[in-house]
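Here's the structure we're looking at; comments come further down.
Indexing begins at 1, ligand by ligand and atom by atom, following the structure's order.
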Amino acid sequence: MEENCCIKIKNLSKSYKNQRILKDVSFDVKCGEIFGLLGPSGAGKTTLIRLIMGMEKSNGGEIILLNEKVPNKNVIESIGYTAQADALYTDLSAEENMKFYCRLYKIPKKERKDRIEECLSIVNLNNHKKKIVSNFSGGMKRRLSLAISLIHNPKVLILDEPTVGLDPLLRKQIWRELYRLKDNGVTIVITTHVMDEAAYCDRLALIRNGKCISVGKTQEIIKENECNTLEEVFLKLGDDSYED
Ligand code: ADP
């Protein structure tokens with residue numbers, strides 16, 4: 001595998017029963033970049049992420065993550081993951097949720113307090129740490145989930161729609177923090193169906209109807225396809241015939 005390659009996806013396919021969800025998907029994510037999976041709802045982004053995480057088995061193709069073939073328990077500890085649905089204990093406080101995940105990731109006891117403070121401050125929740133999570137707004141739960149995915153200092157961060165339901169200010173704040181993590185060498189893979197967010201990513205894979213229809217920098221993708229916007233690229237490349 002080339003140096004500087006963090007995740008290699010090669011000819012990946014996935015079916016549920018007789019339905020083909022992912023069709024021969026290939027792309028590379030480079031170390032230290034923010035890589036966006038952009039596509040409409042139902043395109044297959046979450047399925048792709050679940051395969052990268054080793055939570056689902058593919059029907060063909062290969063995933064190499066940090067030089068190890070997925071699934072592999074050696075690399076799982078290097079990944080921070082936030083699913084679309086928040087995996088939070090709603091009858092516990094934010095801090096208690098963080099403590100739970102500290103134990104899960106076997107973070108040394110003496111480091112826990114500082115790690116929790118640091119991660120909560122990234123998402124601006126320090127002042128709410130004693131609050132019971134069932135009293136949190138949707139946006140606060142999203143931010144807490146992001147803080148939890150950072151608790152073990154992962155090398156790779158995989159985020160499924162982390163900014164969904166957040167107001168524009170918070171969305172900006174989260175992106176600022178993602179940039180800060182990138183500056184510290186973290187590789188970030190993020191799914192979004194919001195075209196605007198593509199501009200924040202270093203590179204993108206456009207996913208439509210289970211296929212990767214284009215990969216590259218936003219401006220390159222737009223130029224190569226002789227379009228003016230990513231929406232136009234989707235319309236141009238995304239034929240809706242369900243030929244497989
Ligand atoms: P996205 O994240 O882009 O919205 P998903 O990966 O969630 O897309 O879904 C892609 C397609 O796969 C959808 O048609 C969805 O209904 C289907 N799908 C996802 N998970 C399952 C499953 N466990 N069983 C059957 N179909 C599924």
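- Results of the side-chain hydrogen bond (donor to acceptor under 3.5 Å, both in side chains) test with Ser145 over Asp160, Thr82, Asp86, Asn97 single out Asp86 as the only residue that passes.
- In terms of protein heavy atoms, atom 13 (C) of ligand 1 is closest to Gly42 O, 4.0 Å.
- Contact check for Asn74 versus Leu66: no side-chain heavy atoms found under the 4.5 Å cut-off.
- Under a 4.0 angstrom heavy-atom cut-off, Pro40 registers as being in contact with ligand 1.
- In this structure Glu232 satisfies the side chain to side chain contact (heavy atoms under 4.5 Å, CB included) test together with Cys227, Asn228, Thr229, sequence neighbours excluded.
- A parallel orientation is assigned to the rings of Phe27 and Phe35, their planes being inclined by less than 30° (bins at 30° and 60°).
- Here is the list of ligand 1 atoms found below 4.0 Å of a heavy atom in Thr46: 1 (P), 2 (O), 6 (O), 7 (O).
- When only non-hydrogen protein atoms are considered, atom 27 (C) of ligand 1 lies nearest to Tyr16 CD1, 3.2 Å.
- Atom 8 (O) of ligand 1 has Gly44 N, 3.1 Å as its closest protein atom, hydrogens excluded (heavy atom only).
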Checklist entry - For Arg203 and Glu220, what are the C-alpha separation, side-chain angles and deciding distance, and is it a salt bridge (charged side-chain N to carboxylate O under 4.0 Å, His left out)? => result CA-CA 9 Å; Arg203 290 192 317 129; Glu220 281 172 11; over 6 Å; no
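- The residue from Thr191, Ile21, Leu48 that puts a heavy atom closest to atom 17 (C) of ligand 1 is Ile21.
- Of all protein heavy atoms, the one lying nearest to atom 9 (O) of ligand 1 is Thr47 OG1, 3.9 Å.
- Side-chain contact between Tyr101 and Arg115 is absent, with no heavy atoms from C-beta onward closer than 4.5 Å.
- A heavy-atom distance below 4.5 Å is not found between the side chains of Leu150 and Val123.
- In summary, the atoms of ligand 1 found under 4.0 Å from a heavy atom of Ala43, numbered by their order in the structure, are 1 (P), 3 (O), 8 (O).
- Not a single heavy atom of Gly39 lies less than 4.0 angstrom from ligand 1.
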